[in-house]
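What follows is a single structure, written as structure tokens, with notes after it.
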Amino acid sequence: MRTLLLLLPTLLGVCWAQYISNTKPGRTAIVHLFEWRWTDIALECERYLAPNGFGGVQISPPNENLVVVDPWRPWWERYQPISYKICSRSGNEIEFRDMVTRCNNVGVHIYVDAVVNHMCGSGAGFGDHSTCGSYFNVGKRDFPAVPYSAWDFNDKKCKTTSGDIENYSDPIHVRDCRLVGLVDLALGKDYVRSKVAEYMNYLIDIGVAGFRIDASKHMWPGDITAFLSKLKNLNTQWFSEGSRSFIYQEVIDLGGEPVTSSEYFGNGRVTEFKYGTKLGTIIRKLNGEKMANLKNWGESSGLMPSDRALVFVDNHDNQRGHGAGGASILTFWIPRLYKMAVGFMLAHPYGFTRIMSSYWWPRNIQNGKDISDWFGPPSNSDGSIRSVTINANATCDNGWVCEHRWHQIRNMVIFHNVVDGQPFTNWWDNNSSQVAFGRGNRGFIIFNNDDKNLSVTLQTGLLAGIYCDVISGQKEGNHCTGMQIQVKGDGTADFQISSRTEDSFVAIHVDTKL
Ligand SMILES: *[C@@H]1O[C@H](CO)[C@@H](O)[C@H](O)[C@H]1NC(C)=O
Ligand SMILES: *[C@@H]1O[C@H](CO)[C@@H](O)[C@H](O)[C@H]1NC(C)=O
Ligand SMILES: *[C@@H]1O[C@H](CO)[C@@H](O)[C@H](O)[C@H]1NC(C)=O
Ligand SMILES: *[C@@H]1O[C@H](CO)[C@@H](O)[C@H](O)[C@H]1NC(C)=O
Ligand SMILES: *[C@@H]1O[C@H](CO)[C@@H](O)[C@H](O)[C@H]1NC(C)=O
């Protein structure tokens, strides 16, 4: 029996490697440093992410892309590849290699946003150039820096009049036609699969730990399997022998479309877009929802299996109205509710968690749509991305929001590490939006999202002692900088949370016991 138990995880580890995050033991969340420069990410790994228990960074696409000047340098230009040279607004290959090495050396791994479904938009014309100056002619489907030529695109395979996806209810349109005009790679061809794998293997050799596969929904699952099967094992300078890339595929499946997330489970994890959409609806209390409805959060509330899910409250698309989820998505623009949502996600055992880290843009909502949704990262007049600067109080400046540095979110990343593997226990709710739960005997969290003050005594599952709340403050030396919670001999504690307070939740864990 004992041998069997010991063998099982090893076997699973070998067969199911693509679901394993490759984060260091005890590091259980990654952060998307959207549009950051490689030099800034290297510094952030060393000065902040490693000391605070972050497991990794999802980076913006590192490969050469189309330079879009109208509108001026939008973030989405990076989703229009020109070649697989490591050369983008975030930096060159030397800076990229330096970032990967320095982050890996402090135990923070790099996850690449791989844009391999398509190349640039079919409308890119003469006079347009690329971030590294590589020649291309999209009209002729000529990308000599890869090289790809007309044979390598799906133009003949797609049966729509426009060449674009016209009917999202037709899975063949969705996979074989152009997504918003982006020229669609023929991933059915072994040559194209080999070029994609060559690019990904180049990054694996540099030392990356895995990939977000952009626009996976627009590729046939079997084509993804084919290029993934060509990938090498991870670099043994930082990963154990035989380690495979962590894979998470961007599939937007909110239900009601023929292409479903489950078709992609064989290849790796899948982005669970229902997570942020539903959690936002509940925390905003739309449609009569209340936090008490989170009691059965997870597979039984309609989400995909936990071990296949990559979860997030918002991402770079839906925080600005792109992608999916619409008005219910919570973002840094609504900090009070956003912190509760991220706090809930990081306290709960479901899925593998990703934190969003954003930049400010001049949001301008007209008739429900943000007309500034294209705005790129903070930049100088020559288009170069501005450095992230750090204030004396550890927050970011120069246009960067850095949600991951908000102390409530940072401390909940640590909470998530501390309670890893513990069961979901001691649920309590008042049949409204005051809820609480524990994670075995290692952590406890309580929320008041009602209009009434909360005052209640609850079983925490923790040993008797005085614990520092990690939302109003934290433990520093032998005292709490915020609220203290006394857990009595029977494991219960009294909680009071005003409905008016900016941070209307309290979280304690074993590492904050005085
Ligand atoms: C879209 O595709 C679906 C599935 O093939 C089909 O049933 C439907 O009629 C199509 N709609 C249009 C407008 O062509
Ligand atoms: C941190 O410092 C900056 C710059 O001085 C200030 O604008 C900001 O409000 C401070 N934030 C917090 C949470 O103290
Ligand atoms: C809980 O609240 C719902 C309305 O949200 C109500 O219908 C139900 O009766 C309440 N249950 C209890 C036990 O109070
Ligand atoms: C929620 O619980 C609080 C006590 O913590 C109570 O005052 C309030 O009335 C409750 N709300 C509902 C709807 O039961
Ligand atoms: C709720 O708590 C706040 C802060 O403790 C207090 O100022 C307020 O009077 C309380 N409201 C009610 C209705 O008890």
Side-chain angles (χ1 to χ4, degrees), residues 154 156-181 184 188 215-223 251-264 278-297 300-302 324 328 335-337 339-340 343-344 408 426-437 445-459 468-469 471-473 480-486 493-508:
N154 274 333
K156 294 221 168 60
K157 205 175 175 195
C158 167
K159 300 294 181 233
T160 67
T161 322
S162 62
D164 290 341
I165 300 166
E166 292 175 1
N167 178 2
Y168 266 83
S169 300
D170 185 338
I172 300 172
H173 283 207
V174 175
R175 270 70 170 258
D176 289 347
C177 297
R178 294 183 313 222
L179 165 65
V180 295
D184 201 53
S216 291
K217 180 184 189 170
H218 301 286
M219 295 183 267
W220 294 98
D223 290 347
V251 178
I252 302 175
D253 172 11
L254 294 174
E257 279 178 37
V259 176
T260 62
S261 294
S262 59
E263 293 174 60
Y264 293 82
K278 288 191 175 194
L279 188 59
T281 304
I282 291 170
I283 291 184
R284 287 174 184 267
K285 299 188 264 192
L286 304 176
N287 312 330
E289 292 277 7
K290 51 188 180 180
M291 284 185 80
N293 295 343
L294 290 166
K295 184 176 182 179
N296 299 311
W297 186 242
S300 57
S301 65
S328 76
R336 186 171 184 272
L337 299 184
K339 283 178 277 186
M340 272 199 266
F344 179 86
Q408 301 88 342
N426 291 313
W427 173 268
W428 168 84
D429 66 67
N430 72 341
N431 194 33
S432 184
S433 284
Q434 298 182 349
V435 304
F437 60 94
I445 191 164
I446 174 164
F447 297 84
N448 180 9
N449 193 24
D450 271 347
D451 299 329
K452 294 175 185 157
N453 286 352
L454 172 151
S455 178
V456 70
T457 300
L458 296 174
Q459 177 57 244
C468 302
D469 169 34
I471 307 304
S472 58
C480 301
T481 59
M483 211 188 298
Q484 292 189 358
I485 302 292
Q486 167 115 44
D494 302 328
F495 295 94
Q496 270 95 33
I497 307 176
S498 156
S499 61
R500 290 281 165 81
T501 175
E502 165 66 19
D503 287 327
S504 48
F505 61 117
V506 168
I508 55 178

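Just so you know, these numbers use all the heavy atoms, side chains as well, and skip hydrogens, waters and symmetry mates. Start at 1 and go down the list; that is how both ligands and their atoms are numbered. Values in this document were obtained by computation on a predicted structure and should not be read as measured data.
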**Message:** Please verify the inter-ring angle class for F344 with W297; under 30° counts as parallel, over 60° as perpendicular, anything in between as tilted.
**Reply:**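 It falls in the perpendicular class, over 60°.
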**Prompt:** Should you measure from each heavy atom of K290, which atoms of ligand 3 turn up under 4.0 Å away?
**Reply:**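 Here the atoms of ligand 3 in question are 1 (C), 2 (O), 3 (C), 4 (C), 5 (O).
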**Prompt:** Does a salt bridge link D184 with R178, judged by any charged N lying under 4.0 Å from a carboxylate O?
**Reply:**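 Here D184 does not pair with R178 in a salt bridge, since their nearest N and O are not under 4.0 Å apart.
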**Asked** Do D429 and K295 meet the salt-bridge criterion of a basic N to acidic O distance under 4.0 Å?
**Response**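 A salt bridge is absent here (no side-chain N lies under 4.0 Å from a carboxylate O).
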Closest approach of any protein heavy atom to [atom], naming residue and atom:
{"atom": "atom 10 (C) of ligand 3", "result": "N431 ND2, 2.4 Å"}
{"atom": "atom 8 (C) of ligand 1", "result": "N167 ND2, 3.7 Å"}
{"atom": "atom 11 (N) of ligand 5", "result": "N453 ND2, 2.9 Å"}

Do [X] and [Y] touch side chain to side chain, with heavy atoms closer than 4.5 Å?
{"X": "I497", "Y": "T501", "answer": "yes"}
{"X": "E257", "Y": "K217", "answer": "yes"}
{"X": "S328", "Y": "L286", "answer": "yes"}

What do you think, any protein heavy atom under 4.0 angstrom from [atom]?
{"atom": "atom 5 (O) of ligand 3", "value": "yes"}
{"atom": "atom 14 (O) of ligand 1", "value": "yes"}
{"atom": "atom 2 (O) of ligand 5", "value": "yes"}

